[in-house]
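Read through the structure below, which is laid out as structure tokens, and then see the notes.
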Amino acid sequence: EDGADISGEHKISKEDFVVGRILGEGFFGEVHDGTGERIRVAIKTCKDCSADVKEKFLSEADLMKNLDHPHIVRLIGVIEADPVWIVMELYEHGELGNYLIENQYSLSTATLVLYCLQICKALAYLEGLNMVHRDIAVRNILVASPECVKLGDFGLSRYVDDQEYYKASVSRLPIKWMAPESINFRRFTTASDIFSMAQQPFFWLENGQVITQLEVGVRLHKPQLCPPIIYSLLTRCWAYEPSGRPSFGQLACSLSDVHRMEVEL
Ligand code: ADP
């Protein structure tokens, strides 16, 4: 038996899956699609898995196994025998960032608001568990169906204990997506998660210029097709002071109203 079990119901082992094509290159190694009994899966592998690399690789799965939400990538299990596998549910349509570009002329505003609302609910759920994601971006959201997206990539996620925020020490951070206090003080909270979310913000700046621009009040412009009500929600999320930003719960309520209006139009 080489299977480790996550759900508490049954062990999984490599014989349960047929490995298919390469979906992409992950940070630790290739990600393949695969087929299990009655389920399509994504299999994350770890290339040079020494003991400490393995620990880092598995830390994401460790966090994910406690999560259960309709808009969060579902972990199926971990197989610890070399080479280590992390097995997840497969989302056939791939990364949201690419999906948005490929379908830019057919996606309605109502659908885009629906995606925002779903991710917002996932983040409100994390907020309730005192977890910060730290890497919210469309490259880390997967499309399960045209009506359903899932938040993934918990590689940078952390529980925030009693001290209320997570202080990062690593240097591999997504500067252009980050809130001012995260750039300045490496301070990560739910309020800094609220600040994030965009395709490639500030692509015209060097990482080092981002904070000075943020501090003089520069923010992303309103895209032409973005409804004013959504842009006004966004500008509240980009408040300099973390306390001036809405919570994910509040944002989910506002988005749900906007979604209802868009559907009725
Ligand atoms: P890492 O976070 O380790 O760098 P990624 O999550 O970026 O790895 O995965 C690498 C590639 O595999 C990406 O292109 C991603 O879209 C794809 N991928 C990862 N998980 C899934 C999944 N559950 N369903 C479909 N595609 C996935």
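For the numbers below, each heavy atom of this structure counts, side chains included, while hydrogens, waters and symmetry mates do not. Order of listing sets the numbers, starting from 1, for every ligand and every atom in it.
Near ligand 1, heavy-atom contacts under 4.0 Å come from L23, G24, E25, G26, F27, V31, A42, K44, M88, E89, L90, Y91, E95, L142, D153.
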Return all side-chain donor-acceptor pairs below 3.5 angstrom for residues 220-229, not counting sequence neighbours, or 'none' if the list is empty.
residue	atom	partner	partner atom	Å
K222	NZ	Q224	O	3.4
K222	NZ	C226	O	2.7

Output side-chain donor-acceptor pairs under 3.5 Å for residues 34-42, partner residues at least two apart or in another chain, one line each.
residue	atom	partner	partner atom	Å
T35	OG1	R40	NH1	3.4
R40	NE	E92	OE2	3.4

Considering only distance and modelled atom types, tabulate donor-acceptor pairs under 3.5 Å from the side chains of residues 110-124, sequence neighbours left out.
residue	atom	partner	partner atom	Å
T111	OG1	S108	OG	2.9
Y115	OH	P146	O	2.8
Q118	OE1	V149	N	2.9
Q118	NE2	E147	O	2.9

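Note that CG of L214 and CD of E181 are 10.0 Å apart. Values are rounded to the nearest 0.5 Å.
Contact detail for M131 and L63: the closest heavy-atom pair is CE-CD2, 3.7 Å.
Hydrophobic clustering (side-chain heavy atoms under 4.5 Å, transitive across Ile, Leu, Val, Met, Phe, Trp, Tyr) groups F27 together with L58.
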